[in-house]
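What follows is a set of notes on a single structure, which appears directly below.
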Amino acid sequence: MKEQTTRAMWWRSPSFILDNRQQQPNDTARGDALSIPLSSPLPPSTTMADPNPNPNPNPLTDKISAYYQTRAAHHGVVSSDWLAQAQAAVGHLPEADDDASNNDQGAPSGKPFSVIDEFNNWRKQPDLAEAVAAIRALAAVIRNSQATTMMELEIELKKASDSLKSWDTTSISLTAGCDLFMRYVTRTSALEYEDFNSAKTRLIERAEKFGEISYKARKIIAMLSQDFIFDGCTILVHGFSRVVLEVLKTAAQSKKLFRVFCTEGRPDRTGLRLSNELAKLDVPVKLLIDSAVAYSMDEVDMVFVGADGVVESGGIINMMGTYQIALVAHSMNKPVYVAAESYKFARLYPLDQKDMGPALRPIEFGVPIPSKVEVETSARDYTPPQYLTLLFTDLGVLTPSVVSDELIQLYL
């Protein structure tokens with residue numbers, strides 16, 4: 001019964017649309033571009049840069065979270081040209097690559113398997129979300145396991161999941177992705193009636209299926225959101241979100257005429273990167289300083305933001321500044337749309353802005369700041385559900401009030 005519930009939960013997502021399109025002869029090339037081998041990630045062609053150090057160190061907030069370091073490295077160094085080359089290298093012969101990868105999975109290596117090393121290898125792909133990298137790493141744990149019983153394998157998998165979650169306790173999507181992986185992969189009654197080798201094979205199949213679903217989520221969200229973007233509209237976006245970029249890219253490729261207002265996204269200025277990416281697509285872009293949101297809101301038709309996490313109340317935790325943008329949009333009757341993958345649905349219920357673990361970041365003001373001056377270094381805020389209009393997810397288009405029901409089904 002649990003297995004049927006889990007399958008029904010995922011099967012009602014629109015991923016079958018992508019699968020059907022991949023089976024059509026005219027769309028073969030596009031289908032290949034969506035597939036990615038599950039065992040061996042691409043090496044990066046550039047060195048990830050460290051974020052700029054804080055010129056005003058504070059002994060209480062000197063520790064910078066891995067959450068920010070990952071964002072700064074990916075957004076500051078990797079270009080879309082490199083990503084296109086990497087995807088082309090993966091997609092030229094996907095079946096042959098998969099066969100080669102599968103043959104290499106069981107090959108002995110001089111270095112013992114480490115889930116953290118596997119996770120870090122996957123993280124080097126800038127277009128791969130941190131949670132999906134964790135899902136790929138956990139799938140590798142099952143493939144490389146030397147366990148001889150299901151109990152041993154589940155214990156090993158649980159330890160690996162806990163190791164990944166402790167790698168960065170501030171990452172909401174990382175924790176949620178690991179938890180969802182454990183439930184989706186291991187909770188099936190069929191494992192109780194099979195021998196160990198068959199059960200392990202079943203686990204690997206479910207792990208790879210979950211990774212495939214998670215990887216396709218961004219494409220599915222982009223497809224679902226297109227009916228809400230109309231010709232002549234003006235869209236306000238905040239910072240850099242890969243799923244929001246995919247939404248806008250899909251709209252541009254569909255020949256829709258729209259323009260985008262990008263906030264600067266201080267202090268890491270991720271909005272600059274998004275504006276550059278949109279300019280490459282010939283989308284009209286206007287760059288705003290963060291404090292000009294209210295000034296420009298009367299020109300805006302809708303707000304699109306991503307999310308670091310979607311919580312039980314239907315609200316979101318996202319880059320600092322999202323809350324005030326939602327407040328301004330709500331006061332001026334502008335819809336606020338959230339684009340977020342289902343692996344970011346987290347079992348959290350923050351009551352206020354301080355009711356969540358901080359994700360710290362360095363702040364650069366350009367001038368010396370006296371040591372007695374306290375600097376706010378939190379990287380994100382919480383936006384309550386009453387200020388959000390709709391959430392576009394790979395599970396469908398949801399209202400904030402439905403999120404709690406989806407979370408119950410996800411974590412059953």
Side-chain angles (χ1 to χ4, degrees), residues 2-23 31 34 129 131-132 135 172-173 176-177 179-181 183-184 187 206 209-230 233 235 237 241-251 254 256 302-318 322 326 335-348 383-412:
K2 290 181 179 179
E3 183 179 17
Q4 293 176 350
T5 302
T6 306
R7 287 180 177 177
M9 172 184 65
W10 288 109
W11 285 357
R12 60 196 174 92
S13 74
S15 60
F16 69 92
I17 301 175
L18 291 174
D19 294 333
N20 290 339
R21 288 191 175 186
Q22 290 174 11
Q23 293 172 6
L34 288 174
V132 179
I135 290 167
I172 298 172
S173 62
D179 289 343
L180 286 171
F181 177 90
R183 280 157 178 76
Y184 181 79
R187 293 200 173 185
R206 291 174 67 83
K209 180 62 176 177
F210 188 80
E212 182 181 331
I213 290 171
S214 301
Y215 183 73
K216 289 181 178 180
R218 208 173 294 159
K219 298 285 186 182
I220 295 169
I221 293 170
M223 292 168 54
L224 291 175
S225 62
Q226 294 310 297
D227 289 340
F228 294 82
I229 299 176
F230 53 88
C233 69
I235 304 172
V237 297
S241 166
R242 285 171 291 199
V243 66
V244 171
L245 175 59
E246 189 67 34
V247 168
L248 299 177
K249 183 186 298 184
T250 302
S254 301
K256 291 190 176 183
M302 67 190 74
V303 177
F304 255 102
V305 295
D308 295 330
V310 180
V311 299
E312 293 183 49
S313 64
I316 62 170
I317 297 173
N318 194 41
T322 304
V336 179
Y337 299 135
V338 180
E341 303 91 329
S342 60
Y343 55 73
K344 293 181 179 178
F345 282 39
R347 292 182 298 176
L348 298 172
T383 304
Q386 61 265 32
Y387 303 113
L388 306 176
T389 307
L390 290 173
L391 292 92
F392 298 99
T393 77
D394 47 301
L395 301 178
V397 182
L398 311 177
T399 61
S401 60
V402 178
V403 169
S404 59
D405 293 336
E406 293 296 333
L407 269 165
I408 292 173
Q409 295 187 57
L410 282 173
Y411 284 96
L412 275 177

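- For the atom pair NZ (K249) and CZ (R242), the distance works out to 12.0 Å, reported to the nearest 0.5 Å.
- A side chain to side chain contact (heavy atoms under 4.5 Å, CB included) with T383 is found for exactly one of I317, T322, V336, namely T322.
- Taken to the nearest 0.5 Å, the CG atom of L398 stands 10.5 Å off from the OG atom of S404.
- Summarising the geometry of I172 relative to G309, their closest heavy-atom pair is CG2-CA, 3.8 Å, with the distance given to 0.1 Å.
- Considering every non-hydrogen atom in both V310 and A340, the closest pair reads CG2-CB, 3.8 Å.
- In this pair, Y337 and F392 present their aromatic rings perpendicular. The plane angle is above 60°, beyond the 30 to 60° band.
- Nearest heavy-atom pair, G177 versus A131, reported as atom, atom and distance to 0.1 Å: CA-CB, 4.3 Å.
- In this structure, OH in Y343 is found 12.0 Å from OG1 in T393, a value given to the nearest 0.5 Å.
- Within the 4.5 Å cutoff, no side-chain heavy atoms of E246 are placed close to those of I221.
- For the atom pair D405 CG and L395 CG, the distance stands at 12.0 Å (nearest 0.5 Å).
- For F345 against L180, the heavy-atom pair with the smallest separation is O-CD1, 4.4 Å.
- A heavy-atom distance below 4.5 Å is not found between the side chains of L391 and V397.
- You'll find the side chain of M302 reaches within 4.5 Å of the side chain of F230, heavy atoms only.
- Rounding to the nearest 0.5 angstrom, the gap separating the CD1 atom in I213 from the CD atom in E341 is 13.5 Å.
- Of all non-hydrogen atoms in V244 and G306, the two that sit nearest each other are CG2-N, 3.6 Å.
- For the pair S225 and F304, the minimum side-chain heavy-atom distance is below 4.5 Å.
- Residues N318 and V338 fail the side-chain proximity criterion, which asks for heavy atoms closer than 4.5 Å.
- Between L388 and G315, the shortest heavy-atom contact is CD1-CA, 4.1 Å.
- Put simply, the side chain of Q226 gets close to the backbone of V247: a donor and an acceptor are under 3.5 Å apart.
- Proximity of S241 to V305: side-chain heavy atoms (C-beta onward) are nowhere separated by under 4.5 Å.
- Taking OG1 from T250 and CZ from R218, the interatomic distance works out to 11.5 Å, rounded to the nearest 0.5 Å.
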